[in-house]
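Okay, so here's the structure we're looking at.
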Amino acid sequence: MDENQKTCHICYKPSRLFNYGVPCCNACKMFFRRVKTFRTPLRECENNEICYKNADEIFYYDCKSCRFQQCIRAGMIENQEKIRFFDIIPILHQLEIEKRNILENYEAPFKNISFEEVTDTEPIQFKPKSLDTRFNSYDYAFMTHTSTFDYLKKLDFVKMMTSSDSKAFLKSSYLNCAIFSTAMHCYSHKMGFITFPEGIDIFPTDIDIIPIHFPRLELGIKCRMIGKLSELRITQEEFLLLNIIFICNPDVPNMSETGLLLLNCHQKMYSSLLLKYCQMTYQHNAPSRFNDLLSICHVISKTRQDTSNVALIFQIYKPGIKWRDMFKGAIDFLLK
Ligand SMILES: [Zn+2]
Ligand SMILES: [Zn+2]
């Protein structure tokens, strides 16, 4: 064997070691481990993400983002994490319960916040809702947004992103996640259509333009997802895995290559877990069950499209509404 080939696949320095199934020196192994425990997000690459792409040049750079990208490319995340069904399901379940608890029993520490600020990496410190507080649909919409952002920020792989990647990711994925999770909650409580907690209508009742002039749009948003979930009789485990698979969708605008690779490799890991679950549960019907489950993403997209149509209708027919800043930003992003 050629001695020259024995180099670390991350930093290209000479090394005969293997770590996480990859030719990788100890320094790079330690670096990879540390990324998972960083309290502050990785700094963005200032060099078009080429720092570790040319073996002759890398010693000029000290770019954590590119070094981490090399680790992902080499397959270190897949080799290290070995996500197992019985470990991950309770974690995802717990996060889902926490999110729902925040939505029902807490309030945000601010009445107003911009879409930019709410998608910053800092966690939101919710406070228990006082007994005499009554939420209307605007308040619950606000809480649905903020509790979903909070949930997404708690995911392990999101903590490994740079702050601008995390922002791009949060903006692009929170709505689908909120749609799926709200529909699943209502479906598992045997409700025929989507509402906010306490049966509060998801459309503001002071704007009657949707039910009066666009009843099919209203029906689609409230019932289509629940219809699909009941048709498939989706289980809680399937929902948890499918939700995280959709969340890891790497189709995020303005994201770095490192961020996209991170999403991509997590999506692959969760997908193979769902496939294994289907094989255990449905035996030879596993492939068709797996495809049926994935087809839910089209129904989520349709509901998202309908939601942006509602936003558009509000803008055209009710231009005077004083939306809170976060909704203004969210609507602009949706209609972009
Ligand atoms: Zn190395
Ligand atoms: Zn770089």
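Counting starts at 1 for both ligands and their atoms, following the listed order.
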Next on the checklist: Taking N, O or S atoms only and a limit of 2.8 Å, check whether His9 reaches the Zn ion (ligand 1).
Outcome noted: no
Checklist entry - Can you tell me if Cys24 has an N, O or S atom under 2.8 Å away from the Zn ion (ligand 1)? => result no
Next on the checklist: Take a 6.0 Å sphere around CZ of Phe126 and say whether it holds more than 12 heavy atoms from other residues, nucleotides or ligands.
Outcome noted: yes
Checklist entry - Hey, what's the angle at the Zn ion (ligand 2) spanning SG (Cys51) and SG (Cys66), nearest 10 degrees? => result 110°
Checklist entry - Which value, rounded to 10°, describes the SG(Cys25)-the Zn ion (ligand 1)-SG(Cys8) angle? => result 110°
Checklist entry - Does Phe135 have Lys129 sitting over its ring (NZ/CZ under 6.0 Å from centre, angle to axis within 45°)? => result yes
Checklist entry - Is there a donor-acceptor contact under 3.5 Å from the side chain of Asn79 to the main chain of Gly75? => result yes
Checklist entry - Is a donor on one side and an acceptor on the other found under 3.5 Å between the side chain of Lys64 and the backbone of Arg43? => result no
